[in-house]
Amino acid sequence: MRGPAARQLALVALAGALVSTGAAAPPTAASPPAPAKVPVAAGYGGAVASVDADASAAGIAVLRSGGNAVDAAIATAAALGVTEPYSAGIGGGGYFVYYEARSRRVHTIDGRETAPATATETLFQENGLPIPFAEGQTSGLGVGVPGTPATWKSALDAWGTRPLGKLLKPAEKLARDGFTVDGTFRAQTELNQDRFKDFPATSKLFLPGGALPVVGSTFKNPDLAATYAELGRKGTGALYRGPIAEDIVRAVRTPPVDPAATRKVRPGDLTTGDLRAYVTKRQDPTRVGYRGLDVYSMAPSSSGGTTVGEALNILEGTDLSKLSESQYLHRFIEASRISFADRGRWVGDPAAVKVPTRELLSQRFADSRACLIAPDRTLTSPLAPGDPRNPAPCATTGRAAPTTYEGENTTHLTAADRWGNVVSYTLTIESTGGSAITVPGRGFLLNNELTDFSFSPAAPGVPDPNLPGPGKRPRSSMSPTIVLENGRPLLAVGSPGGATIITTVLQTLTGHLDRGLPLVDAIAAPRASQRNQTTTELEPGLWNSPLRAELEAIGHGFRQNPEIGAATGVQRLPDGRWLAAAETSRRGGGSAMVVHPHGRP
């Protein structure tokens, strides 16, 4: 295996070259509103990587003014709520992973949305049968209590150095003055055009005059600017009680549908009491050892930490750096298949079901599952799970169940500061465009996060830990990850993409740590995603590659997916600089920035 020191030294030369050829710097008064997107940057003073240049610039401005990584992450997230409103915002939730340099500890906040207190296992059923997914998605029924504002408060109360009102100012200004529409924003609006037009508040905001936004035009959201200003004055509690909370509940219980619309829009049962009762959870992260490194991520209600962790444990027994590309991908695909089989059986909200987190992450369990992988043949999906409580070599237990559907949108940001603190933060409103319901007069879309629950058991007679329940958090695949070397941050990474988040993070980690790819190249590499399904998804770069035929020859089946995930990451270089990395092309490319790209201040 290539050692961590060798990996970092190789990146120093790369980062130096990138700095001299245009690494992004913080905006100045004379800068255009939208800085140019740069997918990789290196320098001192801290770093931010996100999918959007305006959002990354907001975080960099906070770092430059003396704020820390937590402050920067919240400013970036708030700006993403303006420029990426179909992916995230204060109407959604997420997971926040934080490395605290002072204590050398990793902390997490579970800011996942919750179901109403009245929710039951049959929330998405009618006459004993699951309703169509579209009726759960575009409805009040799929809306959970938002967790994002409460996450910001929890993070700032514990580790922040700046008041919320100050951190919201860049996003408030961006919403009031507008941002430049790009091709991704227009395409995502077009994808949702049929849904958006059925809700007058949504149509007025995102389809003014009934037309799609024009690329290059300025998009303004004065209602969201006013909402941010109110949260800045009153605190995030203003979303959970008072007029904003009442407006959310009204929109859920009586969805504001155009009277001429023919769409069946089901009401939800969310109450002001549900909003008042919402709390985030501070909990221990997941941790696995991998190649002498410590990999930290989110524990349940997210399945990200346990599933990525189990797959890494399975793969650790093989020196991936010495395999051919096809054998590496074969091992990666099979480890993903196995860990998803176990995820489906065992992972849900630990407040409602017993989740054997420690056992799922044990090397003993991983070894009992790894022996299922053979170099010259493939496993068949759906694969039955193993029993982490009583591992038996090469054994499965119970009946196989397919992986249930999970929407593929979200956003991820990473941030680091000059003191060595690091944030990896994934946030979402679930589907692209969420529920399609904009809270009238407030400027933000509500999530459809409850559709991450299983509408009915994944297979008859098979226990499903992810059925709805009162106050329950739906299982997530969000996998914000921080990797430590000798107790200090080596890198942080994460991605959007629904259940493909897990495979994206796993492939990025192994591509960098095992295959020696620079972080930006590990992020850009064409992706595969196997989630205990009959076929594995491939991006065009692999679909059109000779590797596909090599893998098909040993039994793999594939289907094409034009784009999987949109990762970002940061990395600490040996000379003390930070490297920020984002996508080179997915979602129009990401935005990596550092505070001082040309040397120390």
Side-chain angles (χ1 to χ4, degrees), residues 4 46-49 68-74 76-77 94-112 147 151-152 154-161 280-313 316 350 355 357-358 360-363 412-427 476-495 501-502 505-506 508-509 512-513 519 567-572 578 580:
V48 177
N68 68 11
V70 171
D71 303 323
I74 290 167
T76 303
Y95 297 96
F96 193 99
V97 180
Y98 172 58
Y99 171 80
E100 184 180 38
R102 179 179 56 83
S103 65
R104 295 195 185 185
R105 289 187 57 201
V106 177
H107 308 266
T108 72
I109 299 172
D110 180 333
R112 184 67 157 157
T151 299
W152 296 349
S154 295
L156 286 176
D157 286 351
W159 312 296
T161 68
T280 59
K281 290 184 177 181
R282 288 275 304 276
Q283 60 190 36
D284 291 335
T286 60
R287 188 198 73 82
V288 296
Y290 188 70
R291 317 292 194 199
L293 306 171
D294 294 301
V295 182
Y296 291 88
S297 190
M298 279 304 310
S301 58
S302 178
S303 65
T306 55
T307 312
V308 171
E310 181 187 345
L312 288 173
N313 284 339
E316 191 169 23
V355 182
T357 300
R358 181 176 60 83
L360 283 166
L361 291 170
S362 72
Q363 192 62 50
H412 180 83
L413 65 94
T414 43
D417 62 34
R418 64 190 182 191
W419 300 283
N421 303 301
V422 178
V423 171
S424 187
Y425 182 21
T426 314
L427 58 161
S476 170
S477 295
M478 288 183 268
S479 309
T481 299
I482 295 177
V483 180
L484 303 186
E485 182 178 27
N486 299 322
R488 296 185 183 277
L490 175 65
L491 63 92
V493 69
S495 178
I501 292 172
I502 289 168
V505 169
L506 179 64
T508 302
L509 289 173
H512 175 64
L513 299 175
L519 185 57
T568 71
V570 297
Q571 181 173 17
R572 186 76 170 190
W578 286 106

Donor-acceptor contact below 3.5 Å, side chain Asp157 vs main chain Ser154
no
Closest non-hydrogen atom pair, Gly111 against Thr280
CA-CG2, 4.3 Å
Does Val308 reach the side chain of Tyr290, with side-chain heavy atoms less than 4.5 Å apart?
no
I need the minimum non-hydrogen distance between Val570 and Ala47, along with the two atoms involved.
CG1-CB, 4.3 Å
So how far is it from Glu100 CD to His107 NE2, rounded to the nearest 0.5 Å?
4.0 Å
Who pairs with Ala155 by side-chain contact (heavy atoms from CB on, under 4.5 Å), at least two apart in sequence or on another chain?
Val70, Ile74, Phe96, Ile109, Trp159
Leu491 versus Leu513: any side-chain heavy-atom pair under 4.5 Å?
yes
So Thr414 and His412, do their side chains get closer than 4.5 Å, heavy atoms only?
yes
Asp417 meets the side-chain hydrogen bond (donor to acceptor under 3.5 Å, both in side chains) criterion, sequence neighbours left out, with Asn421
Set of side-chain contact (heavy atoms from CB on, under 4.5 Å) partners for Ser362, sequence neighbours left out
Arg364, Phe365
For residues 292-307, the salt bridge (Lys or Arg N to Asp or Glu O under 4.0 Å) pairs (sequence neighbours left out) are Arg287-Asp294
Do the side chains of Arg105 and Tyr99 get nearer than 4.5 Å, heavy atoms only?
no
Those residues that, when tested against Asp110, pass side-chain hydrogen bond (donor to acceptor under 3.5 Å, both in side chains) (two or more places apart):
Ser301, Arg473
Nearest atoms (heavy-atom pairs only) where Gly569 meets Leu519
C-CD2, 4.1 Å
Go through the structure and list residues passing side-chain contact (heavy atoms from CB on, under 4.5 Å) with Ala77, not counting sequence neighbours.
Trp152, Leu413, Tyr425, Leu427
Is any side-chain heavy atom of Leu156 closer than 4.5 Å to a side-chain heavy atom of Asp71?
yes
Taking ring-ring contact (aromatic ring centres under 6.0 Å, His included) as the test, write out the residues that go with Tyr296, two or more places apart.
none
Taken in chain and number order and not counting sequence neighbours, the residues that satisfy side-chain hydrogen bond (donor to acceptor under 3.5 Å, both in side chains) with Glu316 are none
Backbone N or O of Ser297 within a donor-acceptor pair of the Thr481 side chain at under 3.5 Å?
no
Applying side-chain hydrogen bond (donor to acceptor under 3.5 Å, both in side chains), can you list everything that pairs with Asn486, at least two apart in sequence or on another chain?
none
Looking only at heavy atoms, what is the nearest atom pair of Trp419 and Ala101, with distance?
O-CB, 3.3 Å
Side chains of Gln571 and Trp578: closer than 4.5 Å at any heavy-atom pair?
no
May I have all residue pairs that pass salt bridge (Lys or Arg N to Asp or Glu O under 4.0 Å) and include part of residues 298-312, sequence neighbours excluded?
none
Which heavy atom of Pro489 sits nearest a heavy atom of Gly420, and at what distance?
CG-O, 3.8 Å
Minimum-distance pair of heavy atoms, taken over all atoms of Ile482 and Ala492
CG1-CB, 3.9 Å
Do the side chain of Gln283 and the main chain of Thr108 share a donor and acceptor less than 3.5 angstrom apart?
no
Quick one: OG on Ser479 to OH on Tyr95, what's the gap to the nearest 0.5 Å?
10.0 Å
Can you check whether Ile501's main-chain N or O pairs, donor with acceptor, with Ser477's side chain at less than 3.5 Å?
no
Do the side chain of Ser495 and the main chain of Val505 share a donor and acceptor less than 3.5 angstrom apart?
no
Sequence-distant partners of Ala311, side-chain contact (heavy atoms from CB on, under 4.5 Å), two or more places apart:
Ala335, Ser339, Leu506
For Arg282, enumerate each residue passing the salt bridge (Lys or Arg N to Asp or Glu O under 4.0 Å) test, keeping only those at least two apart in sequence or located in another chain.
none
Please evaluate residues Asn68 and Thr161 with respect to the criterion side-chain hydrogen bond (donor to acceptor under 3.5 Å, both in side chains), reporting the C-alpha separation (whole Å), side-chain torsions for both, the decisive distance (0.1 Å), and the verdict.
CA-CA 7 Å; Asn68 68 11; Thr161 68; 4.5 Å; no
In Å and rounded to the nearest 0.5 Å, what is the OG1 to NZ distance from Thr151 to Lys281?
12.5 Å
